[in-house]
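Every chain is numbered from 1 and lettered A, B, ... according to where its sequence line falls, protein lines coming before strand lines. All values below come from the heavy atoms of this structure, side chains included, with hydrogens, waters and symmetry mates left out.
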Protein chains: 2
Amino acid sequence: MSKSGCDPNDALACCSTPLVREPMTGARADAVAPLLRALGDPVRLRLMSMVVSHENAEACVCDLLPAFDLSQPTISHHLKVLHETGLLDREKRGVWVYYQARPEALAALAGLFASEDLGMVTGASA
Amino acid sequence: MSKSGCDPNDALACCSTPLVREPMTGARADAVAPLLRALGDPVRLRLMSMVVSHENAEACVCDLLPAFDLSQPTISHHLKVLHETGLLDREKRGVWVYYQARPEALAALAGLFASEDLGMVTGASA
DNA sequence: CATCAATACTGACAGGCATCGATGTCTTGG
DNA sequence: CCAAGACATCGATGCCTGTCAGTATTGATG
């Protein structure tokens, strides 16, 4: 079960509304912020990038560990955070645990920062 | 001056490379993560959204304060964090301080999550 | 100049988080 | 059945951060 009231599915479902269209409600911000906070750590951001850009868009802990000067429990902890936030999927195959990125999560974040309106915003301020 | 070694300009300059293309370097992650961390707080995410979607894409503290159950110093603190991270610009006009979103910062984040490769990633895993 | 309003700054405290060492669990191989 | 490797979990520790109360600063007004 999840640790708190943050439901990843809920977060993904509501991210489709760009934050430039209208003021974000408190509930929506509470749902989206954990995604950004999870990627707000340099280690987790690198882990996410490594998994996504890895072959077949998946990687096991043994692939990721050598890139850091951190202990294995620490890496495991960060992967767990990314998993609980809904950014990574876990799949155990034999002895190894493979983490896969969830494209819909990244797509949700991309939609959040949808830049279609940004040009309009810049022009409107003049 | 910035509080730490995080240079907003550096962060914005390097964000243009999507994190799905190749593994992110440690230095790059250190530069980008603060942007995501800054928006990883629900209050700051709402503040950012409110400023961007506000009339003329700017808002003063007195416009933002009533939407929260927080004290004025707390709101000011969060705005300061967003400003130091390079997400908001400050402009003092008379008694009021107007905060304006920096479109290039949001564009940088949008570029980070550029979804052009996501479809390829999903397909490639099959 | 005196007063008031709006905002920023400082110090302090509580809570959360990143990290580690030690240990447990599960799978594979002999 | 035992040993070894891969990964997760637990408990502890130190740092970071969100929050507030109080105070200083700045500009408008009379």
Side-chain angles (χ1 to χ4, degrees), chain A residues 1-6 26 29-30 33-48 50-51 54 58-85 87-100, chain B residues 1-6 26 29-30 33-48 50-51 54 58-85 87-100:
Chain A
M1 63 191 72
S2 301
K3 51 181 177 180
S4 66
C6 166
D30 289 341
L35 290 174
L36 296 169
R37 164 167 295 189
L39 293 178
D41 184 275
V43 174
R44 286 197 291 265
L45 189 57
R46 282 183 68 194
L47 283 172
M48 192 71 190
M50 290 174 68
V51 169
H54 201 263
E58 66 177 12
C60 66
V61 181
C62 55
D63 290 329
L64 306 170
L65 198 50
F68 298 89
D69 276 338
L70 296 174
S71 67
Q72 175 265 322
T74 298
I75 298 298
S76 241
H77 162 70
H78 285 302
L79 288 171
K80 181 182 180 182
V81 171
L82 290 171
H83 172 60
E84 287 179 340
T85 318
L87 288 164
L88 287 181
D89 268 337
R90 284 190 51 182
E91 186 182 349
K92 186 165 187 175
R93 291 206 295 271
V95 189
W96 295 279
V97 174
Y98 287 83
Y99 285 88
Q100 310 171 354
Chain B
M1 64 197 75
S2 299
K3 53 180 177 180
S4 66
C6 163
D30 289 341
L35 289 175
L36 296 168
R37 165 168 295 189
L39 292 178
D41 183 275
V43 173
R44 287 197 290 264
L45 189 57
R46 283 184 67 195
L47 283 172
M48 192 71 188
M50 290 174 70
V51 169
H54 200 265
E58 65 178 14
C60 65
V61 181
C62 55
D63 289 329
L64 306 170
L65 196 52
F68 299 89
D69 276 339
L70 297 174
S71 66
Q72 175 268 323
T74 297
I75 297 298
S76 236
H77 162 72
H78 285 301
L79 289 171
K80 181 182 179 181
V81 171
L82 291 171
H83 172 60
E84 288 178 340
T85 318
L87 287 163
L88 288 181
D89 266 338
R90 285 189 51 182
E91 185 183 350
K92 188 163 188 176
R93 290 207 294 270
V95 190
W96 294 277
V97 174
Y98 286 83
Y99 287 89
Q100 309 171 357

**Student:** Roughly, in whole Å, what's the span from CG in L36(A) to P in dT17(D)?
**Tutor:** 16 Å

**Student:** What is the distance, rounded to the nearest whole Å, between atom CG of L45(A) and atom P of dA18(C)?
**Tutor:** 13 Å

**Student:** Nearest whole Å is fine: how far is dC7(D) P from L82(A) CG?
**Tutor:** 16 Å

**Student:** Which atom pair, heavy atoms only, marks the closest approach of A38(B) to V81(B)?
**Tutor:** CB-CG1, 4.5 Å

**Student:** Between L45(B) and D30(A), does a side-chain contact (heavy atoms from CB on, under 4.5 Å) hold up when you go through it step by step?
**Tutor:** CA-CA 9 Å; L45(B) 189 57; D30(A) 289 341; over 6 Å; no

**Student:** For dC7(D) and R90(A) - does any side-chain N or O of the residue sit under 4.0 Å from the phosphate oxygens OP1/OP2?
**Tutor:** no

**Student:** Please report the closest heavy-atom contact between R46(A) and A67(A), naming both atoms and the distance.
**Tutor:** NH2-O, 3.4 Å

**Student:** Which distance, rounded to the nearest 0.5 Å, do you find between the NZ of K80(A) and the OH of Y99(A)?
**Tutor:** 9.5 Å

**Student:** Could you tell me which non-hydrogen atom of A29(A) sits nearest to which non-hydrogen atom of P34(A), and how far apart they are?
**Tutor:** O-CD, 4.3 Å

**Student:** Would you mind reading off the distance between L39(B) atom CG and dT17(D) atom P, rounded to a whole angstrom?
**Tutor:** 15 Å

**Student:** To the nearest Å, how far apart are W96(A) CH2 and dT27(C) P?
**Tutor:** 13 Å

**Student:** Please give, in whole Å, the distance from dG18(D) P to F68(B) CZ?
**Tutor:** 14 Å

**Student:** With the sugar-phosphate defined as primed atoms, P, OP1 and OP2, and the base as all remaining atoms, what B/S/- string results for nucleotides 19-30 of chain D, 5' to 3', for protein heavy atoms under 4.0 Å?
**Tutor:** BBBB---SS---

**Student:** If you define the side chain from C-beta out and look only at heavy atoms, does anything of F68(A) sit under 4.5 Å from L47(A)?
**Tutor:** yes

**Student:** Is any side-chain N or O of Y99(B) closer than 4.0 Å to OP1 or OP2 of dA8(C)?
**Tutor:** yes

**Student:** Heavy-atom distance under 4.5 Å between the side chains of D41(A) and R37(B), does that happen here?
**Tutor:** yes

**Student:** Please tell me if R37(A) has a side-chain N or O lying less than 4.0 Å from either OP1 or OP2 of dC17(C).
**Tutor:** yes

**Student:** For R93(B), answer base if it contacts any base atom (sugar-phosphate contacts may also be present), sugar-phosphate if it contacts only those atoms, and nothing otherwise; contact means non-hydrogen atoms under 4.0 Å.
**Tutor:** nothing

**Student:** With the threshold set at under 4.0 Å for non-hydrogen atoms, list the residues of residues 59-67 of chain A touching DNA chain C in residue-number order.
**Tutor:** none

**Student:** Looking only at heavy atoms, which two atoms of C60(B) and Y98(B) are closest? And how far apart?
**Tutor:** N-CD2, 4.0 Å

**Student:** To the nearest 0.5 Å, what is the distance between CG (L64(B)) and CG (L79(B))?
**Tutor:** 6.0 Å

**Student:** Rounded to whole angstrom units, what separation is found between the NE2 atom of H83(B) and the C1' atom of dA8(C)?
**Tutor:** 12 Å

